[in-house]
Amino acid sequence: MDRVTSSPVRDLLALTRRPGVISFAGGLPAPELFDTNGLRAAFARALAEPDATRALQYSPTEGDPALREIVAARLTRQGLPTGCEDLLVTTGSQQGLNLVASALLDPGAVVLVEEPVYLSAVQCFQLAQARIVPVPSDAEGIDPDALERIAANERPALLYLVPTFSNPTGRTIGEARRDRIADIAARHDFWLIEDDPYGELRYSGRPVSPLSARVPDRSIYLGSFSKIVSPGMRVGWLRAPAQLRQQLTILKQAADLHTSTIDQAAAAEYLATADLDARVRVLRETYRERRDAMLTGLREITPPGTEITEPEGGMFVWVRLPGEVDTAEVLQEALRHDVAFVPGSAFQVGEPDRATMRLSFTTFAPDAIAEGLRRLAKALS
């Protein structure tokens, strides 16, 4: 545990819960967009006789068959051919990542990550006592030339990526670059971990096919309903080749026996009856407006020379301020003005670029985003 760092985002939650704070720190779905009535009805159906005892009983580690069938069909439509037997239901995709790290990483094993990287993934790899090696990125995501060079030198066990609307940068790796990454993974014989919690939240641009579809025998795909249904349900899944999936199932047995039976049953009921595609369209329309409000506001308040990503989807905007700025210091001033963000150094494994920061745009309506950015402007000045 000495090597495992605390999550600054989780640490910030206590500070940002006080009344009046506008927090762009956490990647939180908009609570007013939760389908509360639909989910309440789904739980009621899951608990209706004669199925109530099944929903309240122990269940198979692999997960609810009805839920896995629905997820498999959805992934197949999205370009990743999947059967029910290919999936393991997890307690959120974070548990899936933890299981993968436990199964594939011995102490000292090398894990490659795109720099900057999702910080909770770093915690998983630290807990496995892996050696985390960052790979540089540019506006299109991880640099394949750097990946080729580092993979040849380091002989990694796996590469971890959020290739679509990345956390924290919001960037998306294009088709041609995905082809190169898959080729490098195959030639250097390392596992490819594709974490895809945001893929359905696209607001502009053209869809890209899953990275895992290119090397299915060496890929683990992680998914979740947290961003499009409810994070509180903690229902996720992983797709993995048969032999590895069996090992991951045994690890899950040791961790929690199985994911909540009632939550799985309710999720299956909800997905079987609700028009999830229609719900996703509402999320896209709402979040597109909020993304645009944040991008417009940031351009108005940041100094010349600021670099701002323009994500095609997801939840985050990545900002780099010009000059020798430490956004950790800016954050302290921002909190005095009742606004928050996450300093970019929290997401960096190597020498941090302290002039960076991550802001989430999904939680607040455009008028609240505008007010939060007015407060941030005072801190920046």
Side-chain angles (χ1 to χ4, degrees), residues 75 79-83 85-88 90 93 95-118 121-138 140-164 166 172-196 199 208-223 237-252 349-350:
L75 292 179
L80 183 59
T82 304
E85 69 282 356
D86 297 322
L87 297 171
L88 172 65
T90 59
S93 60
Q95 185 191 44
L97 183 58
N98 193 285
L99 295 174
V100 169
S102 298
L104 297 181
L105 299 177
D106 292 321
V110 172
V111 173
L112 303 185
V113 299
E114 179 183 352
E115 182 87 304
V117 60
Y118 172 51
V122 171
Q123 289 180 309
C124 282
F125 303 142
Q126 289 173 333
L127 196 60
Q129 301 180 59
R131 186 163 65 87
I132 306 168
V133 177
V135 181
S137 62
D138 57 24
E140 299 179 49
I142 193 168
D143 180 348
D145 292 331
L147 175 62
E148 177 84 65
R149 182 178 64 256
I150 294 172
N153 291 334
E154 295 287 354
R155 302 186 64 182
L158 63 86
L159 166 65
Y160 170 82
L161 289 174
V162 185
T164 308
S166 171
T172 297
I173 300 172
E175 296 281 10
R177 192 171 287 202
R178 289 179 187 227
D179 290 341
R180 285 200 61 191
I181 292 167
D183 176 67
I184 293 168
R187 286 189 290 104
H188 291 278
D189 195 31
F190 56 77
W191 286 95
L192 185 60
I193 315 301
E194 180 176 14
D195 198 353
D196 189 28
V208 288
S209 57
L211 187 54
S212 296
R214 292 161 167 83
V215 278
D217 293 338
R218 296 294 292 172
S219 295
I220 299 101
Y221 179 94
L222 304 175
W237 59 86
L238 64 82
R239 180 192 185 280
Q243 183 176 358
L244 176 60
R245 190 175 61 256
Q246 178 59 30
Q247 295 173 348
L248 296 171
T249 301
I250 294 170
L251 280 168
K252 183 169 171 60
V349 176

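For this chain, numbers begin at 1 and follow the sequence in order.
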*Between Arg177 and Asp138, is a salt bridge (Lys or Arg N to Asp or Glu O under 4.0 Å) present by the stated rule, with each step listed?*
CA-CA 12 Å; Arg177 192 171 287 202; Asp138 57 24; 2.9 Å; yes
*Using atom types as modelled and distance alone, determine if a side-chain donor or acceptor of Arg180 lies under 3.5 Å from a backbone N or O of Glu148.*
no
*Verify, without hydrogens or angle tests, whether Arg239 (side chain) and Leu222 (backbone) share a donor-acceptor contact under 3.5 angstrom.*
no
*Mark yes when over 12 heavy atoms from residues, nucleotides or ligands other than Arg155 sit less than 6.0 Å from its CZ; otherwise mark no.*
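Open.
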*asked:* Within this structure, what is the CG-CZ distance for the pair Leu112 and Arg131, rounded to the nearest 0.5 Å?
replied: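 Nearest 0.5 Å value for the CG-CZ distance: 9.5 Å.
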*Rounded to the nearest 0.5 Å, what separation is found between the CZ atom of Phe125 and the CG atom of Asn98?*
10.0 Å
*Taking only residues two or more places apart in sequence or in another chain, which ones pass side chain to side chain donor-acceptor pair (under 3.5 Å) with Ser102?*
none
*Walk me through it: do Asp183 and Arg187 pass the test salt bridge (Lys or Arg N to Asp or Glu O under 4.0 Å)?*
CA-CA 6 Å; Asp183 176 67; Arg187 286 189 290 104; 2.8 Å; yes
Residues [X] and [Y]: side-chain donor-acceptor under 3.5 angstrom:
X      : Y      : answer
Arg214 : Ser209 : yes
Glu115 : Ser137 : no
Arg178 : Ser212 : no

*Could you check if a side-chain atom of Ile193 sits within less than 4.5 angstrom of a side-chain atom of Tyr221, using non-hydrogen atoms only?*
no
